[in-house]
Visitor: 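This is the structure, below, for whatever I ask next.
Just so it is clear, the values below take in all heavy atoms, side chains as well, and ignore hydrogens, waters and symmetry mates. All values derive from a computational prediction rather than experimental measurement. Note on naming: letters A, B, ... go to the chains in the order of the sequence lines (proteins, then strands), and numbering restarts at 1 for each one.
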Number of protein chains: 2
Amino acid sequence: MESLAFPRPLTTVDVVIFAILDGVLQAVLVRRPTEKGEPFADMWALPGGFVDVERDQDLKACAIRKLHEKTGVASPYLEQLGSWGSHNRDPRGWSATHAYFSLIPGKPVVLEKGAADVGWFPIIGNSVAPKLAFDHRDILKAAVLRLRNKVEYTSLPAYLMPPEFTLPDLQRVYETILGRPLEKSAFRTRMLAADLIEPVAKMRKGPNRPAQLYRLKSATAPVYFARTFNPPR
Amino acid sequence: MESLAFPRPLTTVDVVIFAILDGVLQAVLVRRPTEKGEPFADMWALPGGFVDVERDQDLKACAIRKLHEKTGVASPYLEQLGSWGSHNRDPRGWSATHAYFSLIPGKPVVLEKGAADVGWFPIIGNSVAPKLAFDHRDILKAAVLRLRNKVEYTSLPAYLMPPEFTLPDLQRVYETILGRPLEKSAFRTRMLAADLIEPVAKMRKGPNRPAQLYRLKSATAPVYFARTFNPPR
DNA sequence: TGAATAGTGTCTATGAGACACTATTTG
DNA sequence: CAAATAGTGTCTCATAGACACTATTCA
């Protein structure tokens, strides 16, 4: 059983946490520690770290733990994004990370204590303003592309909404992520046909015609539509 | 830098290798070694194994190496499937595997020497007949579901075809994977509009009207269609 | 000529895009 | 009433499904 004596790669889990804040898609970043020997000291990075073989039953539990530690959110939409592993992505040696991406409602999130070492960063194009540690820019880009692509044919944005929301609210989230306007009529038809949301007996008041409030139906699996939204032009 | 002293999970890569053989979707399995201490001795398993930090530059290179070792195929369609990691999937300890799935043309494949320890197994339902080592049944099932799902809206089956094939050949492969018939007319319209294949100046002869032979155009990226095939009924 | 499979055409159904039109609120 | 946004209706377009019809080979 020579195999167990082989050198083992480092194993980490990283989580891309998305929310809509101030009407903009944003992701959580954390500052790398500055202790001696830590690579990418003081740089921004995706929340994550080593699998703790004592605490983490499996990869998903590890991702949920890390997400909960940073945001306090307990039951997010969480999807495996992929894995990145190579001899040179971590200066400490061969390492592989298992990346997840998560969608949470922006509102109830309370980031950790000090708050100087964790923050929300708006997604501009495919990424964020600061340079990121490791290959986290690649991972974040993959998450953004995956989210954008899936928004074309799924109900994923529903997981970014507060408990009660209007159809125009939901459409604005779709449009924010896709970066283009959608047809109101087709959008409403699609969403209402999806058996995804149900009206609550309330209206959103404003300086104009009130809008019907909806909430997600209890069954929480995302809906897959048979067509994408057709691209403009 | 305490972190590097943590116990590290085992890191493996496994590959689900699909081909159409005898008109049936099949996958490659290998026999587990029987040396003392090897878990799941003598059982069938997906081809794969530990990342070799000396030889493998990154995860994909590791997957390509394992695939090449088993099939001789050098440039397959290869896609990351996901990762599976937990404290109990391997009796030797916490382990995580990075799973890939691959589509290759059935024909040119020559399985290794002895051939008693490696073979093709038809996919029945979501899996194969024999029991599999580790959680490989779950991984194989995920691969089959991913493939079936993508066949609804992509040109992935093109990677299962020999260099020259007819449109009816391609349609049969789609139907084999989906397990239902497709409309000939809609199928041809979709494929020909995809700018994916080009006719060669030959016909497939038979006891009936000959069929135009096509080959894949040089650009090899898969095509994503804006709609799924609609389900029957 | 008939069997068999390749390939085309026509008609319908679905759901999106365009966009106008109506509805309901506040100021 | 005007402004503003919510919500509906109507028409067109693209593409899939149904299915019939034509085309071309061999025995």
Visitor: Hey, are B/Glu164 and B/Arg204 close enough for a salt bridge, meaning a charged N less than 4.0 Å from a carboxylate O?
Guide: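 Answer for the salt bridge query: no.
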
Visitor: Please enumerate all residues that pass ring pair (Phe, Tyr, Trp, His ring centres under 6.0 Å) together with B/Phe165, with sequence neighbours excluded.
Guide: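 Partners of B/Phe165 under the ring pair (Phe, Tyr, Trp, His ring centres under 6.0 Å) test: none.
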
Visitor: Using the ring of A/Tyr153 (Phe, Tyr or Trp, six-membered ring only), decide whether A/Arg227 places NZ or CZ under 6.0 Å from its centre and within 45 degrees of its axis.
Guide: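 Checked: cation-pi criterion not met.
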
Visitor: Might you list the N or O atoms of the protein lying below 3.5 Å from N or O atoms in nucleotides 13-15 of chain C, with each pair's distance?
Guide:
residue	atom	partner	partner atom	Å
C/dT14	O2	A/Arg227	NH2	2.8
C/dG15	O4'	A/Arg227	NH2	3.1

Visitor: In whole angstrom, give the distance that lies between atom CD of A/Gln171 and atom P of D/dG7.
Guide: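 After rounding, the gap between these two atoms is 11 Å.
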
Visitor: Between P on C/dA6 and CG on B/Asp169, what's the gap in Å once rounded to a whole number?
Guide: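 Value for this atom pair: 8 Å.
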
Visitor: So, using ring pair (Phe, Tyr, Trp, His ring centres under 6.0 Å) as the criterion, who are the partners of A/Tyr214 when residues are at least two apart?
Guide: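 In terms of ring pair (Phe, Tyr, Trp, His ring centres under 6.0 Å), with neighbours along the sequence ignored, A/Tyr214 is linked to no residue.
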
Visitor: Check the side chains of A/Arg148 and A/Asn126 for a donor-acceptor pair under 3.5 angstrom, ignoring hydrogens and angles.
Guide: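 There is such a pair between these side chains.
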
Visitor: Rounded to whole Å, how long is the line connecting atom CZ of B/Arg188 with atom C1' of D/dA16?
Guide: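 The answer, rounded to whole Å, is 16 Å.
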
Visitor: In whole Å, I'd like the distance from the CD atom of B/Glu183 to the P atom of C/dA6.
Guide: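 It is 15 Å, rounded to the nearest whole Å.
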
Visitor: Can you give me the N/O atom pairs linking the protein to nucleotides 9-11 of chain C at distances under 3.5 Å, or say none if there are none?
Guide:
residue	atom	partner	partner atom	Å
C/dG9	O6	B/Ser185	OG	2.9

Visitor: Any side-chain donor-acceptor pair under 3.5 Å between B/Lys150 and B/Tyr224?
Guide: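 Short answer, yes.
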
Visitor: Starting at NZ of A/Lys184 and ending at C1' of D/dT5, how long is that distance when rounded to a whole Å?
Guide: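 Rounded to whole Å, this separation is 7 Å.
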
Visitor: Polar atom pairs between nucleotides 23-27 of chain C and protein, under 3.5 Å, N or O only, would you list them?
Guide:
residue	atom	partner	partner atom	Å
C/dA23	O4'	A/Arg209	NH1	3.2
C/dA23	N3	A/Arg209	NH1	3.1
C/dT24	O2	A/Arg209	N	3.2

Visitor: Parallel, tilted or perpendicular for B/Phe101 and B/Phe18, by the 30°/60° rule?
Guide: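 The arrangement is perpendicular - the two ring planes meet at more than 60°.
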
Visitor: The criterion is ring pair (Phe, Tyr, Trp, His ring centres under 6.0 Å); which residues satisfy it with B/Tyr77, sequence neighbours excluded?
Guide: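 Only B/Tyr159 meet the ring pair (Phe, Tyr, Trp, His ring centres under 6.0 Å) criterion with B/Tyr77.
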
Visitor: Decide side chain to side chain contact (heavy atoms under 4.5 Å, CB included) for A/Leu140 and A/Ile123; before the verdict, give the C-alpha distance in whole Å, the side-chain angles of both, and the deciding distance to 0.1 Å.
Guide: CA-CA 9 Å; A/Leu140 177 58; A/Ile123 302 297; 4.2 Å; yes

Visitor: How long is the line joining CE of B/Met191 and C1' of C/dA6, in whole Å?
Guide: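 Answer to the nearest Å: 17 Å.
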
Visitor: Can you tell me if A/Gln57 and B/Ser86 form a side-chain donor-acceptor pair at under 3.5 Å?
Guide: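 No, because no side-chain N or O of A/Gln57 sits under 3.5 Å from a partner of the opposite role on B/Ser86.
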
Visitor: Regarding A/Ser83 and A/His98, is there a side-chain donor-to-acceptor distance under 3.5 Å anywhere?
Guide: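 Short answer, no.
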
Visitor: Rounded to whole Å, how long is the line connecting atom CD of B/Gln212 with atom C1' of C/dG7?
Guide: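 Taking atom C1' of C/dG7 as the reference, CD of B/Gln212 is at 11 Å.
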
Visitor: Given atom NZ of B/Lys202 and atom P of D/dT24, what is their separation to the nearest angstrom?
Guide: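 One finds 21 Å between P of D/dT24 and NZ of B/Lys202, rounded.
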
